[in-house]
Amino acid sequence: MVSRLFDKALELLALIEERGRLKVTQGKNMVFAAFVVLQAIFYGADNVVMKVAYGEVSPLWCQTLRFGLAFALFMALFGKQIVKGLRGSRVSAWLPVGVVYAVAFVASSLAVDMTSATNAGFFISLPMLFTPVIALALMRRTYRLSTLVLQITVLAGLYLLCCNGGALSFGMGEFVGLGSSALFALGIVLSERGLSEIGPAAMSAVQTGGAFLFSLGGAVATEPAPAFGTVSVGTWAAVAFLAIAGTCLAFWLQNKALAHIPAATVSVILCSEPVVTAIISFFVLGEVLSMMGVLGAAIIVGCTVAATLLDSRAEKDQVEELPAFDPAFEVAQTRTSMNHSL
């Protein structure tokens with residue numbers, strides 16, 4: 001009898017803990033979704049800042065400086081933690097992530113160089129098309145109907161925003177941009193899976209380190225080295241922003257969020273990046289959106305909010321699916337059982 005009562009007490013404690021955990025998770029999801037929104041803001045600003053940096057430093061050399069500085073900062077701040085995390089985990093948990101992100105960033109840089117900014121902006125912004133499918137294949141995660149509806153809607157919004165009244169064409173540059181989106185989607189899913197073994201700082205260091213090595217190789221092979229001594233202070237400031245805010249903070253925010261919310265949700269929220277770019281470009285570069293572009297931006301923002309709310313709703317449903325729990329009733333039941341046993 002004592003054993004039965006003890007088991008009953010453990011069951012009650014487990015139920016209390018599970019309900020509390022899910023309710024706390026539901027609240028945290030909104031916080032981590034905000035992390036991804038902030039990351040999208042940094043990425044959106046990156047696109048404008050890169051235009052400044054590209055005036056004096058070629059694209060791949062700019063990426064080399066950006067990721068090299070970011071990697072150095074991660075190692076200076078979290079070096080011991082990063083080394084410890086990598087040594088205590090399987091190589092398969094982080095090495096593929098570094099390689100995939102490295103190739104994705106090089107591909108996106110090539111796409112910008114091979115096609116118009118409008119086309120590149122559209123095709124590079126499509127990881128959300130691939131992420132749910134890759135998550136289904138690699139993590140057996142359910143491909144929800146709501147996710148499909150969001151994908152179709154945000155695709156329409158991106159088209160309206162990036163075309164801005166014009167028309168898209170499809171060539172080699174667009175193909176490379178689409179490939180970079182698929183690689184970014186794969187990187188997001190692999191990062192989410194790998195974060196079960198290593199922390200956000202270590203994962204971010206792997207991503208920046210891989211991107212640095214591939215960018216350096218591409219720069220040495222295809223671009224003349226810039227005259228660093230003649231680079232202006234403004235350009236160095238742009239590179240510093242790209243490294244600190246656009247890479248270190250952005251990567252850390254994404255990896256922190258991926259430990260708590262699904263990769264598909266992250267990829268949809270990141271679609272707000274072109275919206276941020278359009279807003280900053282208006283104030284900094286004087287670029288103006290057409291009414292179609294404004295409509296596209298509004299659609300993307302709406303999808304971002306919807307993705308966050310749907311993810312929060314899924315957690316709420318988990319809480320509601322748990323059996324109804326009344327602590328006073330359960331205690332009374334336990335006392336009744338004890339009285340009968342006596």
Side-chain angles (χ1 to χ4, degrees), residues 28-47 49 63 66-67 69-71 73-74 77-78 81-82 85 93-105 107-108 124-132 134-135 138-139 141 154 180-212 241-277 300 303-304 307-308 311:
K28 280 186 175 181
N29 279 0
M30 299 299 288
V31 174
F32 292 116
F35 279 17
V36 185
V37 172
L38 184 56
Q39 178 198 4
I41 291 173
F42 286 143
Y43 275 180
D46 283 356
N47 296 328
V49 174
Q63 297 283 38
R66 169 189 180 180
F67 291 115
L69 178 57
F71 180 72
L73 286 173
F74 271 122
L77 295 174
F78 308 105
Q81 177 185 334
I82 291 169
W94 52 266
L95 182 58
V97 177
V99 173
V100 167
Y101 264 94
V103 178
F105 273 107
S108 64
I124 292 171
S125 300
L126 299 178
M128 55 88 194
L129 287 181
F130 303 98
T131 303
I134 296 172
L138 297 184
M139 303 180 70
R141 180 160 292 155
V154 81
S180 73
S181 281
L183 288 170
F184 278 125
L186 177 59
I188 290 172
V189 175
L190 291 176
S191 295
E192 181 186 357
R193 190 169 64 174
L195 284 164
S196 62
E197 296 189 34
I198 64 174
M203 184 63 76
S204 300
V206 167
Q207 292 164 339
T208 54
F212 166 68
F241 176 86
L242 292 171
I244 298 171
T247 304
C248 290
L249 288 175
F251 278 27
W252 184 87
L253 287 167
Q254 175 181 291
N255 290 322
K256 192 70 176 175
L258 280 170
H260 299 274
I261 58 178
T265 302
V266 170
S267 66
V268 171
I269 297 174
L270 284 177
C271 287
S272 58
E273 175 193 337
V275 179
V276 179
T277 299
I300 294 169
C303 289
T304 297
T308 304
D311 188 61

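Counting from 1, the numbers follow the sequence of the chain as shown.
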Quiz item: What distance do Leu195 atom CG and Leu190 atom CG have between them, rounded to the nearest 0.5 Å?
Solution: 10.5 Å
Exercise. Could you grab the distance from atom CD1 of Ile188 to atom CG of Asn255, nearest 0.5 Å is fine?
Key: 10.0 Å
Exercise. Check side chain to side chain contact (heavy atoms under 4.5 Å, CB included) between Ser180 and all other residues, then give those that pass, not counting sequence neighbours.
Key: Ala107, Ser108, Ile124, Phe184
Exercise. Indicate the atoms forming the closest heavy-atom contact of Gly246 with Ala250, along with that distance.
Key: O-CB, 3.5 Å
Self-check item: Arg66 side, atom CZ; Thr208 side, atom OG1 - distance, nearest 0.5 Å
Solution: 10.5 Å
Which pairs of donor and acceptor atoms, one on a side chain in residues 30-44, lie under 3.5 Å apart (sequence neighbours left out)?
from: Gln39; atom 1: NE2; to: Tyr43; atom 2: OH; distance (Å): 3.4
from: Gln39; atom 1: NE2; to: Gln254; atom 2: OE1; distance (Å): 2.8

Quiz prompt | Non-hydrogen atoms of Leu183 and Ala104 that approach each other most closely | solution = CB-CB, 3.6 Å
Quiz prompt | Pairs meeting criterion salt bridge (charged side-chain N to carboxylate O under 4.0 Å, His left out) with involvement of residues 180-196, two or more places apart | solution = Arg141-Glu192
Self-check item: Any residue meeting side chain to side chain contact (heavy atoms under 4.5 Å, CB included) with Ile134, in chain and number order, not counting sequence neighbours
Solution: Phe130, Leu138, Ala185, Leu186, Val189
Practice problem: To the nearest 0.5 Å, tell me how far Thr247 OG1 sits from Gln207 CD. | Solution: 10.5 Å
Quiz item: Where is the tightest heavy-atom contact between Val100 and Gly187, given as atom of each residue plus distance?
Solution: CG1-N, 3.6 Å
Practice problem: Tell me, please, which residues at least two apart from Glu197 pass side chain to side chain donor-acceptor pair (under 3.5 Å). | Solution: Arg90
Quiz prompt | Closest approach of Val206 to Trp94 (non-hydrogen atoms, all atoms of both residues) | solution = CG1-O, 3.2 Å
Practice problem: Heavy atoms only: give me the nearest Ala243-Ala70 pair and the separation to one decimal. | Solution: O-CB, 3.7 Å
Quiz prompt | Contacts of type side chain to side chain contact (heavy atoms under 4.5 Å, CB included), residue Leu73, not counting sequence neighbours | solution = Leu69, Ile244, Cys248
Exercise. Answer with yes or no after comparing the ring centroid distance for Phe105 and Phe67 against a 6.0 Å cut-off, counting only values under it.
Key: yes
Exercise. Kindly compute the distance separating CG (Leu126) from CG (Leu270), expressed to the nearest 0.5 Å.
Key: 12.5 Å
Quiz item: Taking the side chain as C-beta and beyond, is there a heavy-atom pair between Tyr101 and Ser191 under 4.5 Å?
Solution: yes
Self-check item: Separation of Phe74 CZ from Met203 CE (nearest 0.5 Å)
Solution: 12.0 Å
